[in-house]
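Lettering follows sequence order; numbering is per chain, from 1.
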Amino acid sequence: MKRRREELDQLRAANVNPYPYEYERNATAKEILAAYKDEMPQWIVSVAGRIMSMRRMGKASFAHILDMTGRIQVYLKKDDLGEPYDHFKLLDIGDIIGVEGYVFRTKTGEVSIHAQRYVLLSKSLRPLPVVKEKTDEQGNKTTFDPFQDKELRYRQRYVDLVVNHEVRDTFIKRSMILRQMRRFLDEKNFLEVETPALQPIYGGASARPFETHHNALDIPLFLRIADELYLKRLIVGGFDGVYEIAKDFRNEGMDRTHNPEFTMMELYVAYRDYKWMMELVEQMVFSIAQSLNDSATVKLGDNEINFTPPWQRLTMFGSIEKYSSKQLRGKNEAELRAIAKELNIDLDPKIGTGKIIDEIFSVVVQPHLIQPTFIMDYPVELSPLAKKHRSEEGLVERFEGFVNGQEICNAFSELNDPLDQRARFEEQVKLRERGDEEAQTMDEDFLRALEYGMPPTAGLGIGIDRLVMLLTQQDHIRDVIFFPQMRSEK
RNA sequence: GAUCGCGUAGCUCAGCGGUAGAGCAUCUGCCUUUUAAGCAGAGGGUCGAUGGUUCGAGACCAUCCGCGAUCACCA
């Protein structure tokens, strides 16, 4: 760094502004590489990017510059550039330059830019990790000294993005997934809305919240764990279809599939039920996969996941019976515990029948759900915001979508009976009093809204990060979040 | 939160009781179509931190900090 500071001073002494204000480009690396033909007339281009490699040979040099679309080689010759060529010696890998010149093909066949002018756009003071690549005759790429220290990559994501192009590709795909999701929902005339992230009462999910304090009002506030209760208030208010793509915050452990802040898409549609919502989910995910990879399938390890609708549909009890031959329907707590024991599943003695069934499901069934599958009809105790099943006693109209053994969405026919909802909240309050920190809290204002009347409504939540993981073949949530949560440095 | 593993040059790593190393990057010289450019030379380190054991610690021990993996909690 010290050396680069000196170079900076030398450049200034030579009247080179190391930090000019703008640069006019008319092409990108990718466009040039795609469009260039040997027989075309002289093509003058102007590009800008970061120097990623340099090969200096006295009075001529080659360098690769990287812009958002990729890398392209530039060729700089003293004969063509004159005095500024000497300043080029003061440049380093990591500096950002603009280059104007004509496109040509080198002796070794690489399409490159023969510079007629170049300008320093930003001097880099901190050395970038240098990653080299070799492509052999078969076209296989070997990477030398890759920048792979996970801690550095996550703490200094900007470096990771510069140096590891596949990381950048993943995040571009993330953005495309969100774009296609919005396009799909907007075409159906659902309104994208915004609801509070700071909430006096948190609800809509079972999780522990982050707590903060508002000074002016002198009240505690919670970061939302879900948008659900606010979006339903909007359905009460007369909107037929609303969705929100937002960060939720849950004060819990971190691992492969959990980050304390994560992105959720929630959608509520009036006059629809969960069966309608299943079809919407299939179509939406299918359209996203199509637009992303031009294919309905994604390869994950040994599995080829096919998102083409319709997806397999199983009831929760049916799926347990399918994979374990155990019939759980109508069993009481003692009977369920006995079955769990037969299946070698350890259970917390405090949990009730709903959670026992869920636990058995997650061990016995979930790992088998590789191809997209909807699991329907959950026990009522697990789902305090879902509507009672129209024909099955003790169940609610709820489904979750599973792909590759992981849940990607959760949806219900929304509970709109205010008296039932109050009773469900009261159950939750009892659980909380018994020490269940994740039990939901009574929300009187939400109940008041329901008392005014909410139409029949279907609701959906999709964990965006996990969907992105699936579609980009990443197996850690940190690899689809730009700046994952880390402990503070030092 | 628990268990195990890791932390050495800008990056990737070797060294595992006896003078801190390699490749790339950097610097100097040569080089006007190179591409992991090449050739010749040079510089670069609180070995994560603090204590301890030892004649001697990068290495052994303890504690702490950070990261990772697995598990637990959790969608």
Practice task
Apply side-chain contact (heavy atoms from CB on, under 4.5 Å) to the pair A/L382 and A/R398, showing each step before the final yes or no.
Solution key: CA-CA 10 Å; A/L382 284 177; A/R398 171 181 180 183; 4.0 Å; yes
Handout entry: Geometric class of the A/F307/A/W311 ring pair [parallel <30°, tilted 30-60°, perpendicular >60°]
Key = tilted
Problem - Minimum-distance nucleotide to A/K134 side chain [options: B/A36, B/C27, B/U32] - result: B/A36
Exercise for the section: In whole angstrom, give me the gap between the P atoms of B/U46 and B/G1. Expected result: 31 Å
Exercise for the section: Classify the nucleic acid contact of A/A207 as base, sugar-phosphate or nothing, counting any heavy atom under 4.0 Å across all strands shown. Expected result: sugar-phosphate
Exercise for the section: Check every atom of B/C27, B/U32, B/A25 against the side chain of A/K132 and return the nucleotide holding the closest atom. Expected result: B/A25
What nitrogen or oxygen pairs link the protein and nucleotides 71-73 of chain B at under 3.5 Å?
residue	atom	partner	partner atom	Å
B/C73	N4	A/D255	OD2	3.0

Problem - Pair assignment for B/G51, Watson-Crick or G-U wobble, requiring both distances under 3.5 Å - result: B/C61
Exercise for the section: Give A/R56 one of three labels, base, sugar-phosphate or nothing, depending on what nucleic acid heavy atoms sit under 4.0 Å from its own. Expected result: base
Problem - Side-chain N or O of A/R4 closer than 4.0 Å to phosphate OP1/OP2 of B/U26 - result: no
Handout entry: B/C74 phosphate, OP1 or OP2, under 4.0 Å from A/R250 side-chain N/O
Key = no
Handout entry: Sidechain N-carboxylate O distance under 4.0 Å for A/K430, A/E427
Key = yes
Exercise for the section: Name the residue closer to the 5' end of RNA chain B, choosing between A/R478 and A/A205 according to the nucleotide with the nearest heavy atom. Expected result: A/R478
Handout entry: Separation between the C1' atoms of B/C11 and B/C64, rounded to whole Å
Key = 28 Å
Exercise for the section: For nucleotides 6-13 of chain B, just jot down a letter per nucleotide in 5' to 3' order: B, S or -, based on protein non-hydrogen atoms under 4.0 Å. Expected result: ----SSSS
Practice task
Take atom P in B/C47 and the same atom in B/G58, then report the distance between them in whole Å.
Solution key: 7 Å
Problem - Presence of salt bridge, A/E282 and A/R313, under 4.0 angstrom - result: yes
Exercise for the section: Please state whether the rings of A/H114 and A/Y75 are parallel, tilted or perpendicular, taking 30° and 60° as the class boundaries. Expected result: perpendicular
Practice task
Could you let me know what B/A25 is paired to, Watson-Crick or G-U wobble, both distances under 3.5 Å, or none if it's on its own?
Solution key: none
Exercise for the section: Could you tell me whether A/H476 contacts a base, only the sugar-phosphate backbone, or nothing, with contacts defined as non-hydrogen atoms closer than 4.0 Å? Expected result: sugar-phosphate
Fill in the blank from the handout: Output for pair (A/Q156 CD, A/D149 CG), nearest 0.5 Å, gives 9.5 Å
Exercise for the section: State whether A/K123 and A/D92 are salt-bridged, where the test is any N-O pair (Lys NZ or Arg NE/NH1/NH2 against Asp/Glu carboxylate O) under 4.0 Å. Expected result: yes
Problem - Check: A/F374 ring centroid to A/Y274 ring centroid under 6.0 Å - result: no
Exercise for the section: Output the single nucleotide from B/U34, B/C74, B/C67 whose closest atom is nearest the side chain of A/K355. Expected result: B/C74
Practice task
Pick the C1' atom in B/A25 and in B/G10, then give their distance to the nearest Å.
Solution key: 7 Å
Practice task
Record whether the side chain of A/E110 comes under 3.5 Å of the base of B/U33 through a donor-acceptor pair of N or O atoms.
Solution key: no
Exercise for the section: Look at atom CG of A/D38 and say whether more than 12 heavy atoms of other residues, nucleotides or ligands are closer to it than 6.0 Å. Expected result: yes
Exercise for the section: Classify the nucleic acid contact of A/K78 as base, sugar-phosphate or nothing, counting any heavy atom under 4.0 Å across all strands shown. Expected result: nothing
Practice task
Tell me whether the OP1 or OP2 atom of B/U34 has a side-chain N or O from A/R55 closer than 4.0 Å.
Solution key: no
Practice task
Report the base-pairing partner of B/G45 (Watson-Crick or G-U wobble, both distances below 3.5 angstrom), or none.
Solution key: none
Practice task
Mind checking A/E133 for me? I need base, sugar-phosphate or nothing, with any heavy atom below 4.0 Å counting as a touch.
Solution key: sugar-phosphate
Practice task
Give A/E7 one of three labels, base, sugar-phosphate or nothing, depending on what nucleic acid heavy atoms sit under 4.0 Å from its own.
Solution key: sugar-phosphate
Exercise for the section: Between B/U19 and B/C4, how far apart are the P atoms? Round to whole Å, please. Expected result: 33 Å
Exercise for the section: For nucleotides B/A9 and B/G23, find the distance between their P atoms and express it as a whole number of Å. Expected result: 16 Å
Exercise for the section: Fit a plane to each ring of A/F171 and A/F482, take the angle between them on a 0 to 90° scale, and name the class: parallel (under 30°), tilted (30 to 60°) or perpendicular (over 60°). Expected result: parallel
Exercise for the section: Under 4.0 Å between any heavy atoms, over every strand shown, what does A/K107 touch: base, sugar-phosphate, or nothing? Just pick one. Expected result: base
Exercise for the section: Flag the pair A/D160 and A/R168 as a salt bridge only when some basic side-chain nitrogen lies within less than 4.0 angstrom of an acidic carboxylate oxygen. Expected result: no
Practice task
Pick the P atom in B/C6 and in B/C61, then give their distance to the nearest Å.
Solution key: 11 Å
Practice task
Look at A/E7 together with A/R3 and state whether they make a salt bridge at an N to O cut-off of under 4.0 Å.
Solution key: yes
Practice task
Using Watson-Crick or G-U wobble geometry with both distances below 3.5 Å, tell me the partner of B/A2, or none.
Solution key: B/U70
Problem - Candidate nucleotides B/A37, B/U33, B/C67, ranked by approach to the side chain of A/M486 - the nearest - result: B/C67
Handout entry: Separation of the P atoms in B/G38 and B/U33, to the nearest angstrom
Key = 16 Å
Exercise for the section: Answer with base, sugar-phosphate or nothing: what part of the nucleic acid does A/R105 contact at a heavy-atom distance below 4.0 Å? Expected result: nothing
